[in-house]
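A short write-up of the structure that comes next.
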Amino acid sequence: MVTVLVGTQWGDEGKGKVIDFLAAEQDIVARYQGGANAGHTVYVNGKKFVFHLIPSGILRKDIICILGNGVVIDPVTLFDEIESLENQGFDVTSRLIIAENAHLTLSFHKILDQIEDQKRGAGKLGTTGRGIGSTYADKADRSGIRVVDLLNEEVFHRKLAISLELKNHLLREYYQETPFSAEQVAKEYQKFREKFAPMAKNSAAFLHTAISEGKKILAEGAQGTFLDIDFGTYPFVTASNPISGGACTGLGIGPKSIQRIIGIAKAYTTRVGMGPFPTELSDTTGETLRTAGNEFGATTGRPRRCGWFDAPLVRFAGKLNGLDELVVTKLDVLSNIPSLKIGVEYRYKGMTLEAYPFNSEVFDHLEVVYKEMPGWNEDISSASSYAELPQNAKRYLQKIEETTEVPITYISVGTGREQMFRI
Ligand code: IMP
């Protein structure tokens, strides 16, 4: 049985924690897209873990974790993460499978990503600088280098030389930057050959067997629906498909093998990097949310932009992902805000927008219609059931359910594993 877990906003919805929570009842956790741009945070017994590549399910022993073919893998980050976990007593190497056909993010991808975003000037995307776009660009261009290529020294050298020829031309002539030496890069990465070897497999075939044996598999999406390269606020998006459909192409499984699709939404909205954000708050309430919610990027440390819950956005995410249910996180952050708002409708030039706008001109000039609701003062971080929530918190959740048209099944009220309950 395959369950897909997907962010319904602009990422940072709390996926790391929810994955860790749901992993308790899984056999396998498999990541299907993105790369080291992600930052999934989990607290266990007060200890903080931040994962950029390895699925947070690794914290549950007996679980097999997979980095699927749709993930772009930075060997430096991956093996730093593995080493750090192994130093803390977690057995990673024997429980991690890496898709042989996943593409590698190498040093030059990271530099190119940073230079290119800089070059965009006022139109910069605010990428994480982790080489994500440049790695996927090579993949689409058919010049990418995969895990399986690194395993063969001769192939790796040959592909590096081809890939760097054009890039060096660009670096020298257009960006006036120092070119890369293929020999140097080959030398830098050769130590990873042996490290990858025991974990690199045909992970799709492994999953097919697991599915036929009735194993429970959690497919983990990174980023969020509106950072999706096809359906997000293009061009202010990431270079992959975080939506649930990405689980099929990013793991090599058929749509019919998926039985349950869970969306995660923060009780308000945040966004890192540039791009439209209709319910953004540039006032003290936005500051309050940032401070109370500790809204700083887990990967880059950048302050996150904060705003009210955007129901039209999450409603569209419900349809794009085929959501069966919604997990609402960080409800506790809203305590002590006297009056809360939920964006319930988009208007443009006085007219209600029935469809999500793909035209950025429209997106930039949207008018949001809000439903204002009274807040609550109680600290709800130790609540362990829906019944314990204040009336106004229940009303707020009911409004989210009604306006997004997706049933809420779980609520998270804090960073700890235990601060989450089923409705
Ligand atoms: P890239 O994925 O590094 O190319 O960045 C593209 C956009 O996606 C930027 O606005 C980033 O801030 C955003 N982004 C990428 N990964 C994450 C994430 O894990 N959480 C939130 N935003 C992200």
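In each ligand, atom 1 is the first atom listed, and ligand 1 is the first ligand listed.
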Please determine whether any non-hydrogen atom of [X] lies less than 4.0 Å from an atom of ligand 1.
X	answer
Phe236	no
Ala239	no
Gly126	yes

Close aromatic pair by centroid cut-off 6.0 Å: Phe358 and Tyr356: yes
Nitrogen or oxygen atoms of [X] and ligand 1 under 3.5 Å apart:
X	value
Val272	yes
Asn37	yes
Thr128	yes

Among all protein heavy atoms in this structure, tell me which lies nearest to [atom], with the distance rounded to 0.1 Å.
atom	answer
atom 6 (C) of ligand 1	Val237 O, 3.3 Å
atom 5 (O) of ligand 1	Thr127 CA, 3.4 Å
atom 12 (O) of ligand 1	Arg302 NH2, 2.9 Å
atom 2 (O) of ligand 1	Thr238 OG1, 2.6 Å
atom 8 (O) of ligand 1	Leu227 CD2, 3.6 Å
atom 20 (N) of ligand 1	Asp12 OD1, 3.1 Å

Taking only heavy atoms of Leu125 into account, list the atoms of ligand 1 that are under 4.0 Å away from them. 10 (O)
Atoms of ligand 1 less than 4.0 Å from Trp10 heavy atoms? 21 (C), 22 (N)
Measuring from atom 19 (O) of ligand 1, which candidate in Gln223, Gln9, Arg304, Gln114 has the nearest non-hydrogen atom? Gln223
Minimum heavy-atom distance between Glu188 and Lys191, given as atom pair plus value: O-NZ, 3.8 Å
Could you tell me if Thr329 and Ser412 have a donor-acceptor pair between their side chains, going purely by distance under 3.5 Å? no
With a 3.5 Å cut-off and no angle check, do the side chains of Asp113 and Thr127 form a donor-acceptor pair? yes
Please work out whether the ring planes of Phe49 and Phe51 are parallel, tilted or perpendicular, with thresholds of 30° and 60°. parallel
Is it possible for you to check whether [X] lies under 6.0 Å from the centre of the six-membered ring of [Y], through NZ or CZ, and within 45° of that ring's axis?
X	Y	result
Arg422	Tyr410	yes
Lys341	Tyr370	yes
Lys399	Phe309	no

Decide yes or no for Leu67 and Pro55: does some side-chain heavy atom of the first lie under 4.5 Å from some side-chain heavy atom of the second? yes
Spell out, as yes or no, whether a donor-acceptor pair under 3.5 Å connects the side chain of Lys61 to the backbone of Ile58. no
